[in-house]
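Below is one structure, written out as structure tokens; comments come after it.
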Amino acid sequence: MSKIALITGATAGIGEACARLFAQQNYNLILLARRADRLESLSKNLSSEFGIEVKTLVIDVRDKEAVKELEILPDDWKKVNVLVNNAGLSRGLDPINSGDTEDWDVMIDTNIKGLLYVTKIVSNWMIQNGPGHIINLGSIAGKETYLNGNVYCATKYAVDSLNKAMRIDLLPHKIKVTGIHPGAVETEFSEVRFKGDTERAKKVYDGFEPLHAQDIADAIWFAVSRPPHVNINDMIVMPTAQANTSHLLREV
Ligand code: NDP
Ligand code: 8X3
């Protein structure tokens with residue numbers, strides 16, 4: 001029987017690249033996000049290209065009751081081997097005194113609370129069905145705070161803390177927990193941060209080669225493909241041109 005990976009935020013960027021990579025590795029997939037049309041076409045493409053089975057779930061991870069719908073999946077689909085907690089976003093880039101509190105709520109509810117709601121359910125499946133592996137998408141923003149990054153950084157520091165907490169709490173159940181912390185990856189991330197301002201979003205990646213979503217999927221696959229006695233606790237993956245959150249080599 002094929003292994004199963006559950007990927008949140010599978011409709012774009014890193015999540016979509018992970019879905020494709022796990023499909024190539026013959027995993028059956030549970031793909032979760034809010035955009036139904038994208039989930040549907042990704043599911044069709046991956047199942048026809050790789051001959052795998054795919055379940056799609058149109059769920060907003062901020063909605064605690066909606067996340068509980070995961071429990072409706074048939075028992076065979078609850079034998080999840082890998083959970084990729086990837087759904088996440090940044091909204092705005094403003095000083096703490098003028099940030100939009102609605103943006104703060106969205107980031108906190110998605111990046112922290114959403115990740116927790118999904119993890120609670122799926123970790124119980126892993127405890128019941130055998131050891132599993134949880135991959136949490138943190139960020140370099142969860143290792144260093146940068147100007148106007150305030151609440152986004154705080155959510156990713158929370159993910160960093162939850163990585164450590166999960167490793168302790170789930171140790172008796174032999175569940176691996178890996179934190180993946182990318183620097184700048186060119187996805188829809190900046191378009192979402194700048195609320196559809198594509199010009200401003202593009203400028204973020206001007207003059208240097210950012211990471212591609214595939215680079216992070218590859219890093220995740222490296223962690224997932226280690227032997228049972230090896231856990232990769234933490235991986236910081238940066239573009240070569242980015243030393244940290246504030247030092248970038250731009251060559252325009
Ligand atoms: P994208 O914007 O390209 O993709 C984000 C994904 O998350 C989409 O599939 C989106 O799907 C999903 N998502 C967002 N909100 C929700 C929600 N409430 N419920 C369910 N799904 C949701 O961004 P990335 O691929 O770049 O980001 C993926 C993760 O990587 C995030 O956690 C991000 O913080 C992290 N990261 C990104 C970096 C970067 O530079 N790009 C660097 C470091 C970390 P939909 O809209 O259909 O719901
Ligand atoms: C995304 C990377 O540096 O824009 O998490 O916060 S950064």
Side-chain angles (χ1 to χ4, degrees), residues 6-20 30-42 56-64 66-67 69-70 84-93 103 105-118 135-160 162 179-196 200-201 203-205 208 210-217 219-220 235-239 241-248:
L6 192 163
I7 301 167
T8 69
T11 49
I14 296 167
E16 186 176 350
C18 285
R20 175 157 285 275
I30 305 170
L31 304 179
L32 182 156
R34 293 166 299 177
R35 285 171 287 183
D37 50 341
R38 286 205 190 189
L39 277 178
E40 216 34 59
S41 70
L42 181 64
T56 57
L57 296 168
V58 181
I59 289 177
D60 184 331
V61 292
R62 292 173 294 173
D63 182 340
K64 199 191 304 189
V67 173
E69 286 169 26
L70 277 168
V84 184
N85 272 321
N86 164 78
L89 79 181
S90 171
R91 299 274 296 171
L93 187 66
D103 288 345
D105 287 345
V106 172
M107 289 188 277
I108 291 166
D109 290 350
T110 309
N111 300 357
I112 307 175
K113 292 163 75 179
L115 178 145
L116 284 169
Y117 300 152
V118 173
I135 307 282
N136 292 318
L137 262 293
S139 170
I140 189 63
K143 301 286 187 182
E144 311 165 15
T145 306
Y146 55 86
L147 183 70
N148 299 335
N150 45 62
V151 177
Y152 177 67
C153 294
T155 65
K156 292 300 183 178
Y157 271 81
V159 173
D160 199 30
L162 287 169
I180 302 282
H181 307 277
V185 191
E186 190 166 11
T187 60
E188 294 175 12
F189 178 85
S190 292
E191 272 180 61
V192 172
R193 165 169 263 175
F194 300 128
K195 303 172 185 176
R200 191 174 174 197
K203 283 205 177 81
V204 172
Y205 311 106
F208 76 103
L211 294 168
H212 308 291
Q214 182 65 40
D215 299 321
I216 301 306
I220 289 170
M235 235 197 259
I236 300 178
V237 186
M238 302 293 283
Q242 186 181 19
N244 58 27
T245 53
S246 49
H247 289 81
L248 259 167

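Both counts, for ligands and for their atoms, begin at 1 and track the order of listing.
Any N or O atom pair closer than 3.5 Å counts here, and Ala33 shares no such pair with ligand 1. For Val185, a nitrogen or oxygen atom sits less than 3.5 Å from a nitrogen or oxygen atom of ligand 1, counting backbone and side chain alike. Taking any N or O of Ile140, backbone or side chain, none lies under 3.5 Å from an N or O belonging to ligand 1. Considering both main-chain and side-chain atoms, Ser139 never comes within under 3.5 Å of ligand 1 through any nitrogen or oxygen pair. In terms of N/O distances under 3.5 Å, ligand 1 is not approached by Tyr205. At a 3.5 angstrom cut-off on N or O pairs, Gly9 counts as close to ligand 1.
For Lys195, the salt bridge (Lys or Arg N to Asp or Glu O under 4.0 Å) partners two or more places apart in sequence, or in a different chain, are Asp103. With sequence neighbours left out, the salt bridge (Lys or Arg N to Asp or Glu O under 4.0 Å) criterion links Glu40 to no other residue.
Note that CG of Asp109 is 10.5 Å distant from CE of Met107, once rounded to the nearest 0.5 Å. Within the model, atoms OH of Tyr157 and CD of Glu144 stand 7.0 Å from one another, a figure rounded to the nearest 0.5 Å.
Using a 4.0 angstrom heavy-atom cutoff, Ile59 counts as in contact with ligand 1. The closest approach between Gly183 and ligand 1 falls below 4.0 Å for a heavy atom of the residue. Every heavy atom of Gly114 sits 4.0 Å or more from the atoms of ligand 1. Glu191 does not count as a contact of ligand 1, since none of its heavy atoms falls under 4.0 Å from the ligand. Taking a 4.0 Å cut-off on heavy atoms, Ala17 fails to register as neighbouring ligand 1. Residue contacts with ligand 1 leave out Ala213, since none of its heavy atoms falls under 4.0 Å from the ligand.
Among all protein heavy atoms, the one lying closest to atom 19 (N) of ligand 1 is Val61 N, 3.0 Å. Ile14 N, 2.9 Å is the protein heavy atom nearest to atom 25 (O) of ligand 1. Scanning the protein for heavy atoms near atom 3 (O) of ligand 1, the closest one is Glu188 N, 3.1 Å. Nearest protein neighbour of atom 8 (C) of ligand 1, counting heavy atoms only, is Thr11 OG1, 3.6 Å. Looking from atom 5 (C) of ligand 1 to the surrounding protein, the closest heavy atom is Gly88 O, 3.8 Å. With hydrogens left out, the protein atom closest to atom 36 (N) of ligand 1 is Tyr152 OH, 3.9 Å, a heavy atom.
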Which N or O atoms of ligand 2 sit under 3.5 Å from a protein N or O, and how far apart is each pair?
{"residue": "ligand 2", "atom": "5 (O)", "partner": "Ser139", "partner atom": "OG", "Å": "2.5"}
{"residue": "ligand 2", "atom": "5 (O)", "partner": "Tyr152", "partner atom": "OH", "Å": "2.6"}
{"residue": "ligand 2", "atom": "6 (O)", "partner": "Tyr146", "partner atom": "OH", "Å": "2.5"}

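Using a 4.0 Å cut-off between heavy atoms, Glu16 makes no contact with ligand 1 at all. With a heavy-atom cut-off of 4.0 Å, Thr110 touches ligand 1 through its side chain alone.
Across the listed options Arg38, Arg34, His181, Arg34 owns the non-hydrogen atom lying nearest to atom 15 (N) of ligand 1. With distances taken over non-hydrogen atoms, the option nearest atom 31 (C) of ligand 1 out of Asn86, Val84, Leu137 is Asn86.
The distance from ligand 1 to the heavy atoms of Ala184 drops below 4.0 Å at these ligand atoms: 40 (O). The ligand atoms of ligand 1 that sit less than 4.0 angstrom from a heavy atom of Asp60 are 17 (C), 18 (N), 19 (N). Against a heavy-atom cut-off of under 4.0 Å, Arg62 is close to the following atoms of ligand 1: 18 (N).
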Kindly indicate, with the supporting measurements, whether the criterion side chain to side chain contact (heavy atoms under 4.5 Å, CB included) is fulfilled by Ile180 and Ile14.
CA-CA 11 Å; Ile180 302 282; Ile14 296 167; over 6 Å; no

Go through Leu42 and Leu31 one step at a time and tell me if the side chain to side chain contact (heavy atoms under 4.5 Å, CB included) criterion holds.
CA-CA 9 Å; Leu42 181 64; Leu31 304 179; 3.8 Å; yes

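Looking only at distances, no side-chain donor or acceptor of Asn85 sits under 3.5 Å from a matching main-chain atom of Leu137.
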Can you give me every donor-acceptor pair (side chain of residues 145-153, partner residue at least two apart or in another chain, under 3.5 Å) with its distance?
{"residue": "Tyr146", "atom": "OH", "partner": "Arg193", "partner atom": "NH1", "Å": "3.2"}
{"residue": "Tyr146", "atom": "OH", "partner": "Arg193", "partner atom": "NH2", "Å": "3.0"}
{"residue": "Asn150", "atom": "ND2", "partner": "Asp94", "partner atom": "O", "Å": "2.8"}

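With respect to Arg38 and Glu188, a salt bridge is recorded, a charged nitrogen being found less than 4.0 Å from a carboxylate O.
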